[in-house]
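To start, the structure itself, in structure tokens.
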Amino acid sequence: MQNENEKQNTAEDIIVCRDVHKWFGDFHVLRGVDATIKKGEVVVVCGPSGGGKSTFIRTINRLEEHQRGDIIVDGIELTTDLRNIHAIQREIGMVFQQFNLFPHLKVIDNVTLAPIWVRRWSKDKAVQVAMELLERVGIPEQADKYPGQLSGGQQQRVAIARALAMQPKIMLFDEPTSALDPEMIKEVLDVMVELALSGMTMIVVTHEMGFAKQVANRIMFFADGNIVEENATDEFFVNPREPRTRLFLSQILTH
Amino acid sequence: MTVQSEVLKPPRTEVGLLGWLKKNLFSTWYNILLTFLSIAFIYVVLRAILTWVLRDARWEVVTTNFQVFMIGRYPIKELWRVLVSLGIVVLLAVLTWIFRKAEGPVRRWLVIGWLLSLPLIGILLRGFSRESTFLPQVSEDVWSGLMLTLILAVVGIVASFPLGVVLALGRRSELPVIKVLCTVYIEMIRGVPLISVLFMSQLMLPLFLPPELRLSTVMRALTGMTLFSAAYTAENVRGGLASIPRGQYEAARAVGLNEVLVMILIVLPQALRAVIPAIVGQFISLFKDTTLVAIVGLLDLLGIAKSVVGQQEFIGLHKEVYAFAAVIFFIFCYILSYASRRLEQALGVGER
């Protein structure tokens with residue numbers, strides 16, 4: 001862990017957010033967020049609900065538009081220019097709480113769709129890569145089923161494979177295990193741990209503190225539209241500085 | 001040690017024909033009463049119908065005029081063109097049935113075949129110029145009978161569907177001009193009966209089109225029906241579009257699809273599938289509404305029926321003629337609704 005941290009200190013910044021603001025109507029969701037994520041880093045974002053953590057990661061791939069401040073992803077600035085937005089969306093894979101698989105397409109077609117239509121791969125190549133990814137998330141035998149025929153955990157693993165098929169540089173996870181039955185959480189977390197150890201840059205909104213302790217380099221604690229505390233994982237759990245962080249940790253770690 | 005429960009047969013009175021009868025027809029005293037009343041009612045009605053159909057009705061009015069019902073005033077000399085058209089459709093239908101489970105290129109060829117069949121049949125039926133020896137022109141004005149009904153319905157359905165989808169998308173557009181235009185169009189058409197749209201298309205279309213382009217009555221009626229039906233299709237499709245959850249758009253954008261691809265690959269396939277029953281219902285009513293073209297002077301199946309009723313030698317045989325027309329309409333509408341059910345089942349695989 002120590003070594004990896006040092007290595008990453010020299011790595012380049014892949015996401016830079018400066019003074020990012022966002023309003024939903026009158027409600028000020030993001031209140032000047034500053035954050036930098038380095039290549040290969042795994043950052044866990046946690047905090048009470050309504051604190052803006054989901055909105056924050058959704059601004060990074062423009063599912064939500066920020067209204068003030070700068071977001072720069074892999075050297076491309078996120079502006080209203082559609083070319084920039086599409087370029088950034090191609091670099092970023094996203095996994096949703098509700099999976100959001102395409103129910104009218106078979107699993108294999110869910111995974112190959114974007115590579116074929118956006119990356120313009122041949123069907124053979126896309127299928128080959130998709131099967132490797134389904135192998136990696138442990139469900140190659142489900143390739144010809146429809147999403148509705150799979151369990152929640154399997155669907156979420158397909159969703160991870162679908163995001164990885166575009167060969168993104170960054171993966172965003174928006175509460176990936178919150179909609180799952182308890183016995184399926186582990187199978188999804190296992191895939192995410194493997195992905196983290198493979199060197200993928202990841203931002204994960206989650207309450208799975210076990211996962212955070214295992215693979216996160218840093219934790220960001222979000223509340224009231226901003227990062228209240230941000231620290232290396234060990235420090236965060238052992239020596240939380242802010243009272244709000246301590247309160248939050250005591251609430252989620254008591255059981 | 002496990003307890004082995006014995007597997008028993010159900011009591012005789014619970015299963016089989018007797019069980020079914022007892023459960024569904026003779027369970028209580030009022031059910032028994034209802035059963036006997038229904039049997040009596042069915043007997044009386046069926047007896048009356050069958051006596052008329054098999055004994056009293058004079059079907060020679062239908063058999064003698066069969067060709068008139070089918071193709072109306074289409075010249076007999078050119079009858080083969082209608083038969084070839086029919087053959088093309090039957091051939092395609094049979095091929096589609098045989099390859100209904102096939103995927104890949106076969107499917108693509110079938111779709112191409114169906115798409116090509118329409119203009120091909122159009123050319124075949126209409127022909128080229130009046131002077132040409134090969135396929136001389138048969139003006140649309142003599143198209144009539146069931147043939148006209150089917151042409152109006154099929155072309156109306158095929159043409160109004162894409163137009164309706166475009167209108168539905170336009171109504172949801174973020175560009176105010178497009179949105180307002182589509183909304184006004186849809187609401188205007190929906191606020192007006194088909195008859196007035198048909199009249200308008202007869203009278204107004206020539207005003208908008210350049211004088212060299214003179215459309216026949218059939219073409220103008222077709223335009224009117226298409227414009228009318230498209231507005232309804234648009235509203236149905238809009239309902240389907242509204243049923244697609246936000247997460248689908250987000251997931252599609254997150255994997256890098258642009259707005260057009262999100263629509264074509266993700267949203268429309270799901271939205272259209274959701275509204276198949278509504279759209280087929282609308283097409284069935286469009287099919288029956290083709291009878292309204294009588295008011296602009298066209299002789300569809302019902303128009304022909306009216307003129308047959310007026311024939312000297314068959315005076316007074318309304319019932320036979322209209323019963324025949326009703327059966328024809330029923331057959332086609334039933335085929336449509338049967339096809340819709342099959343389509344729903346076929347596409348329903350893996351639905352959430």
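Just so we're on the same page: letters track the sequence lines, and every chain starts at 1.
Nearest heavy-atom pair across N100(A) and A251(B) is O-CB, 3.4 Å.
Residues from residues 256-264 of chain B that place a non-hydrogen atom less than 4.5 Å from a non-hydrogen atom of chain A comprise G256(B), L257(B), N258(B), E259(B), L261(B), given in numerical order. Heavy-atom neighbours of chain B within the stretch residues 156-179 of chain A, taken at a separation under 4.5 angstrom, comprise R162(A), M166(A).
More than 12 heavy atoms of other residues, nucleotides or ligands shown are found within 6.0 angstrom of CH2 on W23(A). Annotation: W117(A), atom CH2; neighbour count of heavy atoms from other residues, nucleotides and ligands within 6.0 Å does not exceed 12. Counted within 6.0 Å of CD on E174(B), heavy atoms from surrounding residues, nucleotides or ligands total 12 or fewer; the atom is thus considered open. Dense packing is recorded around CZ of R341(B), with more than 12 heavy atoms of other residues, nucleotides or ligands lying under 6.0 Å away.
The NE2 atom of H104(A) sits 7.5 Å away from atom CG of L265(B), with the distance rounded to the nearest 0.5 Å.
The contact between F102(A) and chain B is made by backbone and side chain atoms together, counting heavy-atom distances below 4.5 Å. Contacts between I92(A) and chain B at a heavy-atom distance below 4.5 Å involve the backbone alone (N, CA, C, O).
Top candidate by heavy-atom pairs under 4.5 Å with chain B, chosen from M94(A), R90(A), H86(A), is H86(A). When each of Q98(A), K145(A), R58(A) is scored by its heavy-atom pairs under 4.5 Å with chain B, the top score falls to R58(A).
Using a 4.5 Å heavy-atom threshold, the side chains of V118(A) and V255(B) count as separate.
Of the charged side-chain nitrogens involved, none lies within less than 4.0 Å of a carboxylate oxygen, so that R253(B) and E64(A) do not count as a salt-bridged pair.
One N or O on the side chain of Q248(B) and one on the backbone of L101(A) form a donor-acceptor pair closer than 3.5 Å.
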